[in-house]
Each structure stands twice: as C-alpha cells, then as structure tokens.
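Any value given below was found using the heavy atoms of this structure, including those in side chains, with hydrogens, waters and symmetry copies removed. Note that this is a predicted model, so its numbers are computed, not measured.
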Amino acid sequence: MRIRNKNFDIKQIAESGQCFRMDPISENKHSLIAFDRYIELEQVEEDLIDISCSKTDYEFIWKDYFDLDFDYGSIVGKLNSDSDEFLKAASSFGRGIRILRQDPFETLISFIISQNKNIPSIKVCIERICETYGNRMKDNKSGRDYYTFPTPIVLAEAKKEDLRALKLGYRDEYIIGAARAVAVGDIDLNALKICSHDEAVKALKSIKGIGDKVANCISLFGLHHIEAFPIDVWMKRVLSEYYQDKFDPEKYSGYAGIVQQYMFYYIRHIHGVSN
DNA sequence: TGCCAGGAAGCCG
DNA sequence: CGGCTTCATGGC
C-alpha cells in the first residue's frame with residue numbers, strides 16, 4: 001500500500017520516543033509490531049511511503065494508527081509563522097512526526113517501564129515481556145517470527161519472580177498491579193479515551209508506579225489526548241535552557257502534545273542522541 | 001567507577 | 001507543598 005503525505009517520516013516517528021516496537025531493518029526501511037500484526041514501512045521518498053499491508057488493513061487499521069486524517073502540516077505551518085525561534089526550528093526539523101494511536105494497554109505498560117531508563121533499554125525490556133508472555137506469530141510476507149504484546153489478563157497473572165528474571169528492576173510489581181487494575185476493570189482504558197485529558201491523568205495516577213510524567217505520556221500516546229504535555233529530563237532541559245522555565249503550554253492549547261514531540265525530538269538531536 | 005536514563009514512592013520539615 | 005533518598009538495571 002502506497003501513501004503520499006508531506007508530514008509522514010518513518011524514521012522520525014521511530015526515533016520520536018513514543019513507540020518502542022518500530023525498528024530499522026535496512027536503509028529507509030522499518031519494521032513495526034502493533035495490534036498483533038507485523039508490517040514493514042519503506043520511506044521511498046520524502047513524502048512517499050510503502051506499507052506492507054492490504055488496502056483493507058490500511059483503511060481499517062493503519063490509517064487510524066498513523067493518524068493520517070489529521071493535518072500535521074497545518075501545525076508545522078502555524079509554528080513556522082510564530083515568533084518562537086526554537087519551536088520554528090524544532091517543528092521544521094521534526095515535520096514528519098505524527099502522534100500514533102497506539103494500543104492503550106501496551107502504552108500503559110511500556111511507559112511504566114520507561115521510568116528512569118533510556119530508550120534502547122526500554123525496548124529490550126518490552127521485547128522480553130513479549131517473548132515471555134505474548135504469542136509467537138509469523139508474518140507470511142516477510143517470513144519473520146514475532147511476538148505480540150501480552151493481554152492484561154496474562155500479565156495480571158504473571159508471577160513476580162518470573163518478571164524479576166526479565167530484569168525490569170523495581171518496576172515488576174508496578175506492572176503486575178497495573179495489569180490487574182485493567183484486567184479486573186478498576187481502570188477502563190477505553191473510557192479514558194473518551195473522557196478529558198485531566199480526568200484520564202487523574203485516573204492513571206491512581207495506579208502505583210504512574211506519576212505525572214508517565215500519566216501524560218499514556219494520555220498522549222495511548223489515549224490520543226493531544227493536549228497532554230509530558231515533561232521528562234529532556235523537556236526539562238528545553239524549558240530551562242531555551243525558555244528560562246517560563247514556557248506556557250496553554251499557548252498551544254489543544255495540541256500541546258504535538259509541540260512537545262517536536263521539542264523532544266529536536267533537543268535530543270541537538271545533543272547528538274539518535275535512538 | 002560514578003553518572004545518567006522519556007521517574008515515582010516514601011519520608012521529612 | 002517542596003526537597004531529599006531510594007529503588008534495579010545497563011551503557012558509557
């Protein structure tokens with residue numbers, strides 16, 4: 001399936017820190033595991049992408065996953081006509097980034113793992129969880145084996161000693177607790193998609209192991225509340241070095257999360273980080 | 001070897 | 001409320 005879009009850069013999305021199961025497999029080509037499926041994406045040209053999926057799967061799954069009905073170009077354009085020089089450069093540099101509509105449960109667990117870890121380390125942990133608790137699948141087109149992300153019920157029944165062997169550190173009991181909360185219905189992730197960002201964050205923070213930053217990441221990347229504004233160590237760097245801690249996300253009310261992604265991606269580039 | 005990573009909980013004042 | 005310490009693990 002071939003898609004033409006001016007604001008759709010696979011490498012940028014893969015390196016934007018919002019998803020952890022998108023990996024380079026060759027020059028201009030990435031693999032992605034999501035929703036129990038495996039696809040490959042090739043950046044043919046700057047605004048042209050090939051996805052290894054049927055037209056039906058594109059229409060019903062991937063178009064939504066990549067948020068392709070939303071016009072990111074209008075956001076980039078708006079930021080480029082603004083007086084904020086840092087955001088002008090950041091949005092221009094990361095203009096191919098999009099906010100994915102990922103599976104809420106996978107996002108929830110992934111960002112609990114993310115705390116106090118770098119991105120390569122987060123990926124390793126997630127793969128270990130999938131290999132241990134997910135289902136082994138085979139993609140016929142590429143011949144590749146892969147593992148799905150486990151369901152809430154399976155993870156909720158995991159033993160702490162078994163998780164300990166996966167080297168998740170102190171996060172293992174957070175993961176079991178969160179999976180149980182979802183499995184028994186204490187947390188209804190689909191309901192949190194419909195309610196407001198503030199309500200979602202409040203509900204998420206009732207889970208042990210989820211603080212303000214992780215809750216905002218889940219809200220932004222798993223529930224698609226694009227007004228969320230997660231502040232991690234990189235964002236703290238941006239806000240202090242370029243804004244003297246006076247940046248107000250309210251200026252970008254309604255889409256601050258997109259602005260945040262441009263900032264995050266750009267500051268890491270400035271500091272020479274590429275994973 | 002000490003420091004850092006898409007932090008959060010527990011405790012103290 | 002704000003600041004400090006501790007919590008596993010891996011990479012540099």
Tell me: [atom1] of [X] to [atom2] of [N], nearest whole Å?
X: Phe20(A); N: dG6(B); atom1: CZ; atom2: P; answer: 9 Å
X: Lys213(A); N: dA9(B); atom1: NZ; atom2: C1'; answer: 17 Å
X: Asp232(A); N: dG6(B); atom1: CG; atom2: C1'; answer: 4 Å
X: His271(A); N: dG6(B); atom1: NE2; atom2: C1'; answer: 15 Å

Each residue besides Val44(A) in its hydrophobic cluster should be listed here, by chain and number; the cluster joins Ile, Leu, Val, Met, Phe, Trp and Tyr at side-chain heavy-atom distances under 4.5 Å.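 In the cluster with Val44(A) are Leu48(A).
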
Which residues in residues 92-113 of chain A have a heavy atom closer than 4.0 Å to any atom of DNA chain B?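 Heavy-atom cutoff 4.0 Å gives no residues at all.
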
Of residues 246-256 of chain A, the positions that come close to DNA chain B - non-hydrogen atoms, cut-off under 4.0 Å: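 Here the set is empty: none.
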
When you list every nucleotide of DNA chain C with an atom under 4.0 Å from a heavy atom of chain A, which one comes first 5' to 3', and which comes last?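 Listed 5' to 3', the contact boundaries are dC7(C) to dG10(C).
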
Using 30° and 60° as the class limits, which term best fits the ring planes of Tyr266(A) and His269(A): parallel, tilted or perpendicular?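 Aromatic pair Tyr266(A)/His269(A) classed parallel.
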
Can you tell me how the ring of Phe149(A) sits relative to the ring of Phe105(A), calling it parallel under 30°, perpendicular over 60° and tilted otherwise?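 Because their plane-to-plane angle is over 60°, the rings of Phe149(A) and Phe105(A) count as perpendicular.
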
Taking ring pair (Phe, Tyr, Trp, His ring centres under 6.0 Å) as the definition, give me every residue that meets it alongside [X], ordered by chain and number, with sequence neighbours left out.
X: Tyr146(A); answer: Tyr38(A)
X: Tyr243(A); answer: Phe247(A)
X: Tyr133(A); answer: none

Does [X] [atom1] have over 12 foreign heavy atoms under 6.0 Å away?
X: Lys88(A); atom1: NZ; value: yes
X: Ile25(A); atom1: CD1; value: yes
X: Glu59(A); atom1: CD; value: yes

Cut-off 3.5 Å, side chains only: do Tyr65(A) and Arg101(A) have a donor facing an acceptor?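 Absent: no donor and acceptor within the cut-off.
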
Tyr72(A) and Asn5(A): side chain donor to acceptor below 3.5 Å: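 No.
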
Looking at dG7(B), does its base get a donor-acceptor pair with the side chain of Tyr170(A) below 3.5 Å?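 Answer yes: a donor N or O sits under 3.5 Å from an acceptor.
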
In chain order, what residues pass the salt bridge (charged side-chain N to carboxylate O under 4.0 Å, His left out) check against Glu42(A), with sequence neighbours excluded?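 Per chain and number, Glu42(A) pairs via salt bridge (charged side-chain N to carboxylate O under 4.0 Å, His left out) with no residue.
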
Under the rule for salt bridge (charged side-chain N to carboxylate O under 4.0 Å, His left out), what residues qualify as partners of Lys78(A), not counting sequence neighbours?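 Residues passing salt bridge (charged side-chain N to carboxylate O under 4.0 Å, His left out) with Lys78(A): none at all.
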
Of Ile210(A) and Ser114(A), whose nearest nucleotide on DNA chain B comes first from the 5' end?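 The residue closer to the strand's 5' end, by nearest nucleotide, is Ser114(A).
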
When the nearest nucleotide of DNA chain B is assigned to Lys205(A) and to Gln18(A) on a heavy-atom basis, which residue is associated with the more 5' position?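 Residue closer to the 5' terminus by nearest nucleotide: Gln18(A).
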
When we call it a touch if two heavy atoms are under 4.0 Å apart, what does [X] touch: a base, just sugar-phosphate, or nothing?
X: Asp212(A); value: sugar-phosphate
X: Glu173(A); value: nothing
X: Gly209(A); value: sugar-phosphate
X: Phe221(A); value: base

Determine which pairs satisfy side chain to side chain donor-acceptor pair (under 3.5 Å) with at least one residue from residues 116-128 of chain A, sequence neighbours left out, and list them in order.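 Passing the test, one end in residues 116-128 of chain A: Arg21(A)-Glu127(A), Asp23(A)-Lys123(A), Lys117(A)-Ser121(A).
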
Does anything in residues 207-217 of chain A pair up under side chain to side chain donor-acceptor pair (under 3.5 Å), and if so which pairs, sequence neighbours excluded?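 Counting only pairs at least two positions apart or across chains, the side chain to side chain donor-acceptor pair (under 3.5 Å) contacts touching residues 207-217 of chain A are His197(A)-Asn216(A), Lys205(A)-Asp212(A).
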
Determine the interatomic distance between [atom1] on [N] and the same-named atom on [M]; round to the nearest Å.
N: dC3(B); M: dA8(C); atom1: C1'; value: 15 Å
N: dG2(B); M: dT6(C); atom1: P; value: 15 Å
N: dG6(B); M: dT5(C); atom1: P; value: 23 Å

To the side chain of Lys208(A), which of dG7(B), dG6(B), dA9(B) is closest?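 From the listed options, dA9(B) comes nearest.
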
What pairs of nitrogen or oxygen atoms, one from the protein and one from nucleotides 3-5 of chain B, lie under 3.5 Å apart?
{"residue": "dA5(B)", "atom": "OP1", "partner": "Arg237(A)", "partner atom": "NH2", "Å": "2.4"}
{"residue": "dA5(B)", "atom": "O3'", "partner": "Lys117(A)", "partner atom": "O", "Å": "3.0"}
{"residue": "dA5(B)", "atom": "O3'", "partner": "Asn118(A)", "partner atom": "N", "Å": "3.3"}
{"residue": "dA5(B)", "atom": "N7", "partner": "Asn116(A)", "partner atom": "OD1", "Å": "3.2"}
{"residue": "dA5(B)", "atom": "N3", "partner": "Asn116(A)", "partner atom": "O", "Å": "3.3"}

